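Here's the structure we're looking at; comments come further down.
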Number of protein chains: 2
Amino acid sequence: MVSTETEPARRATSVQRAVAEIRRMLRSRELVPGQQVRQETLAARLGVSRIPVREALKTLEAEGVLRHEPHVGYAVARLNADELAQVYLMRRALETEVIRAFPRLSADQLRELTALNEAITEQVDKVDVAGIVAANQAFHFAMFRLSGLDLVVDEIDRLWRRSEPYRTVHLYDSGGRARVVREHRKMITALRRGDTEAVVALMDAHRDHTVADLSAALGLPPRA
Amino acid sequence: MVSTETEPARRATSVQRAVAEIRRMLRSRELVPGQQVRQETLAARLGVSRIPVREALKTLEAEGVLRHEPHVGYAVARLNADELAQVYLMRRALETEVIRAFPRLSADQLRELTALNEAITEQVDKVDVAGIVAANQAFHFAMFRLSGLDLVVDEIDRLWRRSEPYRTVHLYDSGGRARVVREHRKMITALRRGDTEAVVALMDAHRDHTVADLSAALGLPPRA
DNA sequence: CTGCACAGGATTGGATACGAAATGATGTTC
DNA sequence: GAACATCATTTCGTATCCAATCCTGTGCAG
């Protein structure tokens with residue numbers, strides 16, 4: 001979905017802009033888990049009425065990043081350690097399927113992945129957290145899309161967004177940044193060999209590092 | 001989500017009722033893939049204004065059962081053979097994870113599953129297609145929920161709904177109905193032994209039968 | 001007959017204003 | 001201190017309106 005936004009043709013509707021804006025606020029930690037999201041406030045901020053805002057909120061609720069309670073309102077979803085683990089379980093299951101569906105990559109495709117990975121390095125140097133997150137995501141989804149399994153990749157996209165407020169915390173830690181780029185290089189090497197099983201193993205390790213950092217950062221999971 | 005609708009406590013909002021009603025219309029084939037969904041018509045039918053209807057439509061769009069094009073409107077999503085295959089691929093991946101997470105079941109739990117499966121037989125005798133679909137779904141999700149992986153099961157629920165307009169076609173065929181109940185019995189037997197890998201294998205076969213029937217029923221996949 | 005421009009109707013997108021209903025907090029009474 | 005009434009806030013939903021867009025069909029020119 002987010003990666004499918006390749007239609008600058010028609011001007012976006014207010015709902016689409018509202019969804020994009022709320023997602024941006026989540027990425028930038030302007031909205032954090034548990035926080036109430038007030039319709040009127042958002043509407044004013046976006047310069048639109050409440051109607052498109054409410055539709056945007058419903059979209060994000062269905063996606064799992066917001067929760068809604070009737071007559072109380074919307075709030076950013078809080079995930080406890082167990083729920084976060086489930087999200088990563090689903091990611092592992094689906095990403096594994098996608099990787100196994102990879103065709104043999106062309107030289108061009110390998111070059112592009114390499115370029116995207118090096119782009120992460122640049123962001124690392126600039127210590128721009130938002131940039132790192134975006135570049136990292138761009139690399140992984142460029143890879144995922146190679147499978148041709150668009151619906152599955154869309155689903156993975158949803159799962160990434162669902163854990164976004166938590167992953168962002170994790171990437172503030174500088175320790176793992178260099179490692180990320182290194183691990184990506186290994187994946188590209190494996191892809192060059194057409195060794196998808198190696199990529200699966202590398203991705204599993206890659207995710208595990210994130211989960212480990214995350215659990216540490218979370219400490220005791222926030223309780224509802 | 002649908003299985004989590006265990007809150008008759010508070011009166012449902014118009015949006016919730018609209019979502020439920022549209023889902024019902026999809027199950028009953030009152031709405032079929034490709035069909036346009038007119039907001040005004042739905043609103044009149046539900047006795048509400050367009051606003052809650054639009055929010056309901058957004059929810060179902062995010063779920064993947066409806067598609068939306070700005071200024072054109074909502075339509076029931078059409079899946080071609082490839083997309084349908086992807087939905088089943090995801091189901092296999094996630095359902096496998098859920099089954100592997102099953103604990104050893106108590107006698108009570110096994111009894112309940114058996115009862116749910118026998119309930120399907122009753123529906124089969126009555127040749128009530130909607131009843132069969134509901135009973136079948138009830139059996140499988142009662143099973144899935146035993147895993148305790150609620151978020152994953154919710155996701156599976158979404159995938160089931162996504163293919164619902166197509167699965168319904170499939171169950172109109174009487175051939176497989178008896179087989180379904182038989183295959184469920186085998187699963188219960190395997191569960192009694194605590195042999196989750198056997199259940200995984202049985203579910204894989206179970207799904208494959210559906211896919212086979214589906215492809216046959218679809219014939220040449222409907223083109224956009 | 002075909003292609004195209006244009007006009008009108010239908011539908012969606014969105015704003016505004018209003019009222020109803022539910023919630024959570026506050027204060028009051030016993 | 002607990003139960004209860006009150007009240008402001010926020011959300012839920014309606015009604016009405018207008019703009020933007022799409023679709024269709026009609027007429028005209030080639």
Side-chain angles (χ1 to χ4, degrees), chain A residues 1 5-23 25 30-63 65-78 223-224, chain B residues 1 5-23 25 30-32 34-63 65-78 224:
Chain A
M1 308 240 174
E5 276 172 16
T6 40
E7 300 190 52
R10 266 185 306 287
R11 194 170 143 280
T13 65
S14 296
V15 178
Q16 295 171 322
R17 280 185 286 119
V19 170
E21 174 66 8
I22 298 172
R23 284 212 251 264
M25 290 171 77
E30 212 165 327
L31 290 174
V32 297
Q35 185 172 340
Q36 273 275 329
V37 181
R38 224 149 298 275
Q39 306 179 353
E40 201 76 56
T41 311
L42 257 177
R45 182 199 173 85
L46 291 165
V48 297
S49 76
R50 275 171 36 222
I51 283 93
V53 170
R54 278 170 60 171
E55 289 184 38
L57 292 171
K58 266 277 171 283
T59 297
L60 294 163
E61 183 201 3
E63 227 164 60
V65 302
L66 296 183
R67 288 209 202 293
H68 175 70
E69 196 174 351
H71 297 108
V72 175
Y74 293 85
V76 182
R78 300 178 75 141
R223 276 289 148 199
Chain B
M1 307 243 177
E5 276 172 17
T6 38
E7 301 190 51
R10 269 185 305 287
R11 193 170 146 280
T13 65
S14 296
V15 179
Q16 294 172 323
R17 280 185 287 119
V19 170
E21 173 66 7
I22 298 171
R23 283 213 251 265
M25 290 171 77
E30 212 166 326
L31 290 174
V32 297
Q35 185 172 341
Q36 274 275 328
V37 180
R38 221 145 305 269
Q39 304 178 357
E40 200 77 55
T41 311
L42 257 177
R45 183 199 172 83
L46 291 164
V48 298
S49 75
R50 271 170 54 210
I51 283 90
V53 169
R54 280 168 60 171
E55 289 185 39
L57 292 171
K58 266 279 170 283
T59 297
L60 294 163
E61 183 201 2
E63 229 163 59
V65 302
L66 296 183
R67 288 207 203 293
H68 174 69
E69 196 175 351
H71 298 108
V72 176
Y74 293 85
V76 182
R78 298 178 75 138

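This one's a predicted model, so the numbers in the text were calculated from it and none came from an experiment.
- Rounded to whole Å, the distance from CD on A:E69 to C1' on D:dT9 is 16 Å.
- For B:E40 and C:dA10, the CD to P distance is 13 Å, given to the nearest whole Å.
- In this structure, B:K58 and A:I51 both approach DNA chain C, and ranking their closest nucleotides by distance from the 5' end singles out B:K58.
- B:E55 places its CD atom 7 Å from the P atom of D:dC12, with the value rounded to the nearest Å.
- Between A:H71 atom NE2 and D:dT11 atom P there is a gap of 11 Å when expressed in whole angstrom units.
- Of the residues A:M25, A:Q36, A:R23, the one that meets the side-chain contact (heavy atoms from CB on, under 4.5 Å) test with A:L31 is A:M25.
- Within the 4.0 Å cut-off from OP1 or OP2 of C:dG13, at least one side-chain nitrogen or oxygen of B:H68 is found.
- Judged by distance alone with a 3.5 Å cut-off, a donor-acceptor contact links the side chain of B:R50 to the base of C:dG13.
- Side-chain nitrogen and oxygen atoms of A:S14 include none within less than 4.0 Å of the OP1 or OP2 phosphate oxygen of C:dG13.
- Residue A:L66 holds its CG atom at 8.5 Å from OH of A:Y74, rounded to the nearest 0.5 Å.
- One can place CG of B:L42 at 15 Å from P of D:dG13, the figure rounded to the nearest angstrom.
- Rounded to whole Å, the distance from CZ on B:R54 to P on D:dG13 is 15 Å.
- Residue B:Q36 has no polar side-chain atom (N or O) positioned under 4.0 Å from OP1 or OP2 of C:dT11.
- Residue contacts shown for A:T13 are limited to sugar-phosphate atoms, with no base heavy atom under 4.0 Å away.
- Distance CZ (B:R17) to C1' (C:dA21): 13 Å, rounded to an integer number of Å.
- Atom C1' of nucleotide C:dG24 and atom CZ of A:R38 are separated by 12 Å, given to the nearest angstrom.
- For the pair A:Q39 and D:dC12, the criterion of a side-chain N or O lying under 4.0 Å from OP1 or OP2 is met.
- How far CZ of B:R54 is from CZ of A:R54: 10.5 Å, rounded to the nearest 0.5 Å.
- Listed nucleotides D:dT21, C:dA15, D:dT11 differ in distance to A:V48; the shortest reach to its side chain belongs to C:dA15.
- For the side-chain contact (heavy atoms from CB on, under 4.5 Å) with B:V37, the lone residue among B:L42, B:V53, B:L60 that qualifies is B:L42.
- In terms of position along DNA chain C, the nucleotide closest to B:V72 lies nearer the 5' end than the nucleotide closest to the other residue of the pair A:P52 and B:V72.
- One finds the CD atom of A:E55 at 9.5 Å from the OG1 atom of B:T59 (value rounded to the nearest 0.5 Å).
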